[in-house]
Number of protein chains: 2
Amino acid sequence: MRTLYERDDVIPLIAEVFREHGFEGSSLSRITESTGLGKGSLYHFFPGGKDEMARAVLAHVDGWFEREIYTPLRDAAPDGAIAQMWRGVDDYFRSGRRVCLVGAFALDDTRDRFAAVIASYFTRWIDALRDALVRGGWPAAQAADAAEEVVAGIQGALVLARATNDTAVFGRALGRFQLRLQQRPPV
Amino acid sequence: MRTLYERDDVIPLIAEVFREHGFEGSSLSRITESTGLGKGSLYHFFPGGKDEMARAVLAHVDGWFEREIYTPLRDAAPDGAIAQMWRGVDDYFRSGRRVCLVGAFALDDTRDRFAAVIASYFTRWIDALRDALVRGGWPAAQAADAAEEVVAGIQGALVLARATNDTAVFGRALGRFQLRLQQRPPV
DNA sequence: ATCATATTGTACCATACGGTACAGGCGGTC
DNA sequence: GACCGCCTGTACCGTATGGTACAATATGAT
C-alpha cells in the first residue's frame, strides 16, 4: 500500500485553496491546514514553494481542460464535442458554484507571474472551439467571433454568479450560448 | 490654499492599488507608496484601516457607475442612455486596459467582506439596463436576458483581455453587444 | 534484518504585515 | 503672536508571512 498523499493527490486540494483565496491570500498555513501536510512535506513535493505549487495547480487545471474539452473540440465530431463542452464546463464549475482559477489569477498582478500559461489556457480554448464551429459549417470569421464570445461569456457568468451569489446566472448563460451555437451564425 | 490631499483626492489612487493587486495583495506599504501618504495620514482619513479604504473605494466606483450609467439608463431616453453606457464603459475600463475592481473582489473570499456592495453593483446595473430596453420596446423576458448577458459579457471580456494581454478583445465584445441591442430581440 | 531512500514534524529565520501611539508641524482664526 | 485643530512622520507592537535546516521517522527493496 502506498502513502496516503502523493504529490498528485495533493494538487487538487491546493487548487481549491488558490481558487477560494487567490494567490496572495493563499498562505502556507492555509495550505498546510487544508492538505493536512506540514511544511516539510509541502516543500519536499514543491521545492519552489508557493510559486511551484501554483504552477502545478495551473498545469493540473490546464491538463483537465486540454483532455476533456480542447482535444475533443479539435479532433472529434463538432456537435458531440461541443455538447461535451457544455457538460464538462457545467460539471467543472459546479454549475456556477465554483470559480475559474485561471480567470481569477488573470485579474490581479498574479497574471504577470504566470502570463504564458494563463494566456495559453484561453487562446487554446477559443481556437479549439472556433475550429469545431468551422468544421460544423460556420464561416471562419463568425466562428472566431462566436468562440471568443462564448469563452468570455463563461468567465463573465462565473464572476456574476459569485458576485450576486446566484448560481442560476451561470446556467442561464450556458443555455443561451448553447442555443446560439446551434443556430446558423447571424449576419 | 488647501492641503494637497484631501480624503477624496486619495481614493482614486488607492483604488488603482486595489485594482492591480487585489485586496490581499494591497499592503499598506504599497498604498503609502502610491499615495505618498504615511500611515499616520492614512489612518487619520480611514480609521478603519484597509477595510475602510476598500469600502471607500467601492463606494467611489459605485457612485461613478450610478451617476454615469445607471441613472441615465433608468431615467433618460433609452437609446441615448445605452449609447452613453457604451461610451462610459469603454472610457472607464480604458478600452480593456483596466480591470473591474468589483469583479476582481467578487472572485476570491474578499467577496464575503463586501458582499452587499458587490451584489448591488451588478444587480442595479442589470436592472437599469433591462428597464431601458423595456422602455425601448423589448419584451420584459428578453430584456432581462439581454441585460444579464451584456453585463456578464463585459466582465468576461475584461478577464479575457487581461488574460491574453490583448485589449482588442474588449472592443470587439462591446461592438457585438452594441449591435445586438440595436436589433429586435431574437426569438 | 539491513539499509538506502522517501517522507515528515519541529524549530527556527528574517522580513513584512496591519495596526497603534503620539509628539510635533502646519494651517487658519482671533 | 497665541491658540487650536487638522494633519503627518516616526517609532513601535504583536503576529503571520514564505522559506530553510535538519533530525527523526516511515517505507520499500534486498
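Only this structure's heavy atoms are used, side chains among them; waters, hydrogens and symmetry mates stay out. The sequence lines fix the lettering, A, B, ..., with proteins before strands; numbering per chain opens at 1.
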Whole angstroms only, please: what is the CG-P distance between D8(B) and dC7(D)? 12 Å
Of all the nucleotides listed (dT8(D), dT8(C), dG18(D)), which has the minimum atom distance to the side chain of H44(A)? dT8(C)
In whole Å, what is the span from the CD atom of E6(A) to the C1' atom of dG28(D)? 13 Å
Whole Å only: how far is the CG atom of L42(A) from the P atom of dA21(D)? 17 Å
Any S27(B) side-chain N or O less than 4.0 Å from OP1/OP2 of dA16(C): no
When you measure from the centre of the six-membered ring of Y92(B), is the NZ or CZ of R98(B) under 6.0 Å away and within 45° of the axis? yes
Could you state the CG-P distance from L28(A) to dG9(C), rounded to the nearest angstrom? 15 Å
Consider the side chain of Y43(B), meaning its heavy atoms from C-beta on, and name the nucleotide among dT20(C), dT17(D), dG19(D) that approaches it most closely. dT20(C)
Just the rounded figure in Å: distance from C1' of dG19(C) to CD1 of I31(B). 13 Å
So what does F45(B) touch, heavy atoms closer than 4.0 Å: a base, only the sugar-phosphate, or nothing? sugar-phosphate
Does the dG9(C) base have a donor-acceptor partner in the side chain of K39(A) within less than 3.5 Å? no
Check the distance between dT17(D)'s P and M53(A)'s CE and give it to me in whole angstrom. 13 Å
Look at E16(B) together with R19(B) and state whether they make a salt bridge at an N to O cut-off of under 4.0 Å. yes
Could R124(B) and D127(B) be called an ion pair, given the rule that one side-chain N must be under 4.0 Å from one carboxylate O? no
For S26(A) and G40(A), take the nucleotide of DNA chain D holding the closest heavy atom to each; which residue's nucleotide lies nearer the 5' end? S26(A)
Give the rounded distance in Å between these two atoms: CG of L37(A) and P of dG18(D). 16 Å
Salt-bridge contact E20(A)-R30(A) (side-chain N to carboxylate O under 4.0 Å): no
Could you check which of dG9(D), dG19(D), dG19(C) has an atom nearest any side-chain atom of S41(B)? dG9(D)
Is L13(B) linked to F18(B) within one hydrophobic cluster, defined over Ile, Leu, Val, Met, Phe, Trp and Tyr using a side-chain heavy-atom separation of less than 4.5 Å? yes
Given dG19(D), dT17(D), dG18(C), which nucleotide is nearest the side-chain atoms of K50(B)? dG18(C)
Grab the CZ-P distance between R7(B) and dT8(D) for me, whole Å please. 14 Å
Start at the 5' end of DNA chain D and walk down; is the nucleotide closest to R30(A) or to P47(A) reached first? R30(A)
